[in-house]
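Report on the structure given below.
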Amino acid sequence: MSEVKTNKEQHEELLRFLKEKIAKVKQGGGEKRIAKEHEKGKLTARERIDYLLDEGDEFLEIGALAADQMYLEEGGCPSAGVVTGIGQVSGRMCVVVANDATVKAGAWFPMTAKKNLRAQEVAMENRLPIIYLVDSAGVFLPKQNEIFPDKEHFGRQFRNNAKMSAMGIVQVAAIMGSCVAGGAYLPIMSDEALIVDKTGSIFLAGSYLVKAAIGESVDNETLGGATTHCEISGVTDNKYDNDQACLDAIKRIFNTLGAREDAGFDRVKSIEPEKSYEELLSLFPIDRAKPYDMHELLKGLVDQGSFDEYKPDYGQTLVCGTARVDGWAVGIVANQRKMVKTKKGEMQMGGVIYSDSADKAARFIMNCNQRKIPLLFLQDVSGFMVGSRAEHGGIIKDGAKMVNAMANSVVPKFTIIIGNSYGAGNYAMCGKAYDPRLIYSWPTAQMAVMSGASAAKTLLQIKVASLKKTGKEISPDDEAKLLKDISDKYEEELSPYYAAARLWVDGVIAPQETRKVISMGITAANHAPIIERFNVGVIQT
């Protein structure tokens, strides 16, 4: 008989798996590919970022697990072939985008485009300067139909270049390897375009295509190398002898940036949480059927003594209140996972949003907008209450009110999925569709229309009914096998890694990283003054 693992041991197992997955992703195309870049005198994408960022500064990676377990027929595409995130250069917070030439020569897959656009979105929403470290062979041609023509495809990044320029967001590009075809516009539509001599090149068509198209024989260096573009065409601004010299130049540029405005979000000296990280793990059950008190969990996430609850005795399946995280003032909307009893004596299930809790959350969200406090959503939600009692009580109306207030919020929103994220609960609690500035998952998260058990039983009923219509009867054993097959597939799609691979979340983090993510997110958001007026329009009453 196998030994039953404690809750803490199960958490540690999940965290080991996460750590191993991230370590593998950071190897990019592998040791041989990294060695080839070094032989050319080049740094890898991650080495460039390490060299560029201020010493000792945190780098908040966005989309590290993008494309995880995707494009396997093409040999995979770790981290979607591009490294993106938020860090500091010469004391200035910025977004960094670095093509990873160890992965398919930095070629663009569909998820590469989605990840690049996400990085640009982060820069635009937070008005952060952005640095592009370009080293890409261009579009991965076998997938061109999934990356080229649509609104959210490859071309959107150049539209964003133009929009950011008009918004006054600083964009600096360094051509540190190949920069081909349509991709050539990205650095040249930036404010400043630097290039590394001998290894950097930029052209609309390479030498082979030029030969095929117009019959001209020319080598790539003459066609679009650093000397050509710095001394003849004027396409690039300055050339540098190596990667380090080019990155030093970017540091100098950022050292001269003018002062920025800020949004004025409130921050005081940070205080450690009341509960330790170990206590936090022991409080949060791996078993989804087990209840827990969100109030106790918050004691391991917010600054000690800072939580001030809003309407604690009303709408208890949502916990709302102001607190501080690493000194920053936040408004928290979190799912309560234990059973609660209303003043009328009604028992309410944990993780479910009822009419009273939706009503409370809507009002609280409006108050945070009035007070200019960023919003933090902690998701462990099974959905909205169903049944005749809930419908007669107007659950759809109250849910719509919460969604309206949340969707129209002008203060920045941040979402951490710690457990369940099912159905319309995902929407009301600020899922990806509602523009959270950052959205991350714990390894314990699950995201889907409904829970795995419910979905599998529903899908099984549909499948069995369909078979019976064709005159086929299935035995109990066949039905059990069918249920297992359906469950296994659905469980895979529930995984936080499945969500992270598709950028439904920005990444999967260990619980102890939560405070850092929230703090860096609000620091970034503080770069963007709020200029839009909060207006919910027509709201259900």
Side-chain angles (χ1 to χ4, degrees), residues 45 62-63 65-84 95 97-101 103-125 130 132-167 169 171 173 175 177-190 193 201-214 220 223-224 235 431-435 498-506:
I62 295 170
L65 293 165
D68 181 51
Q69 298 303 304
M70 296 173 70
Y71 313 122
L72 296 181
E73 289 182 5
E74 290 79 18
C77 188
S79 218
V82 63
V83 184
T84 62
V95 173
V97 177
N99 299 113
D100 187 349
V103 179
K104 302 291 188 295
W108 285 61
F109 283 70
M111 282 307 302
T112 317
K114 187 171 184 178
K115 187 170 171 180
N116 243 53
L117 292 175
R118 175 62 178 145
Q120 289 182 321
E121 180 181 50
V122 169
M124 293 168 84
E125 285 181 333
I130 185 166
Y132 306 102
L133 306 180
V134 184
D135 194 345
S136 171
V139 168
F140 184 70
L141 287 176
K143 296 281 184 186
Q144 66 85 27
N145 64 317
E146 298 176 44
I147 189 175
F148 170 63
D150 210 347
K151 181 179 178 180
E152 299 300 331
H153 283 179
F154 188 77
R156 185 77 171 181
Q157 65 179 331
F158 313 130
R159 174 262 189 198
N160 288 349
N161 282 143
K163 288 288 185 182
M164 280 191 276
S165 184
M167 291 167 68
I169 295 172
Q171 300 176 83
I175 301 153
S178 297
C179 186
V180 185
Y185 285 105
L186 185 142
I188 307 311
M189 292 189 73
S190 300
S201 60
I202 177 167
F203 32 65
L204 293 180
S207 55
Y208 293 137
L209 184 53
V210 168
K211 177 69 173 175
I214 63 172
N220 282 338
L223 185 65
V235 165
K432 183 68 183 290
Y434 293 85
D435 299 321
Y498 190 90
R502 288 150 185 82
L503 284 178
W504 300 343
V505 295
D506 291 319

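Computed from a predicted structure; not experimentally measured.
- In terms of modelled atom types and a separation under 3.5 Å, the side chain of T112 and the main chain of F109 share a donor-acceptor contact.
- Atoms CG and CZ, from L65 and R502 in turn, are 12.0 Å apart once rounded to the nearest 0.5 Å.
- Counting non-hydrogen atoms of other residues, nucleotides and ligands closer than 6.0 Å to CD of E152 gives a total above 12.
- Shown here for Q144 and P149, the closest heavy-atom pair between the two residues is O-CD, 4.3 Å.
- At least one test fails for R156 against the ring of F158: distance under 6.0 Å to the centre or angle within 45° of the axis.
- The shortest heavy-atom contact between V97 and A119 is CG2-CB, 3.7 Å.
- Atom CG of L186 sits about 9.5 Å away from atom CD1 of I175, to the nearest 0.5 Å.
- Atom CD1 of I169 sits about 12.0 Å away from atom OG of S190, to the nearest 0.5 Å.
- Not a single donor-acceptor pair under 3.5 Å links the side chain of Q171 to the backbone N or O of M164.
- A pairwise comparison of heavy atoms in A45 and V83 identifies CB-CG2, 4.1 Å as the closest pair.
- Judged by distance alone, with hydrogens and angles left aside, the side-chain atoms of K115 form no donor-acceptor pair with the main-chain N or O of G81 at under 3.5 Å.
- The backbone N or O of C179 lies less than 3.5 Å from no partner atom in the side chain of S136, so there is not a single donor-acceptor pair.
- When atom types are taken as modelled, the side chain of R159 and the backbone of G155 share no donor-acceptor pair closer than 3.5 angstrom.
- Listed by first then second residue, pairs satisfying side-chain hydrogen bond (donor to acceptor under 3.5 Å, both in side chains) with a partner in residues 116-125 read N116-Q157, R118-E121, R118-D506, Q120-Y132, Q120-N160, not counting sequence neighbours.
- A distance of 9.0 Å separates OG of S201 from CG of D135, quoted to the nearest 0.5 Å.
- Contact annotation: the side chain of M111 approaches that of Y71 to within less than 4.5 Å [non-hydrogen atoms, C-beta and beyond].
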Please test F203 against N220 for side chain to side chain contact (heavy atoms under 4.5 Å, CB included), starting from the C-alpha separation and ending with a verdict. CA-CA 9 Å; F203 32 65; N220 282 338; 3.7 Å; yes
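- Between atom CD of residue E74 and atom NZ of residue K143 there is a gap of 4.5 Å, rounded to the nearest 0.5 Å.
- Considering all non-hydrogen atoms of both residues, P187 and I202 come closest at CG-CD1, 3.9 Å.
- Between V235 and A193, the shortest heavy-atom contact is O-CB, 4.5 Å.
- When the side-chain hydrogen bond (donor to acceptor under 3.5 Å, both in side chains) test is applied to S178, no partner is found at least two apart in sequence or on another chain.
- Put simply, the side chain of K104 never gets that close to the backbone of A137: no donor and acceptor are under 3.5 Å apart.
- Nearest heavy atom pair, residue N99 against residue G106, reads ND2-O, 4.4 Å.
- From T84, atom OG1 reaches atom CD1 of I130 across 9.0 Å, with rounding to the nearest 0.5 Å.
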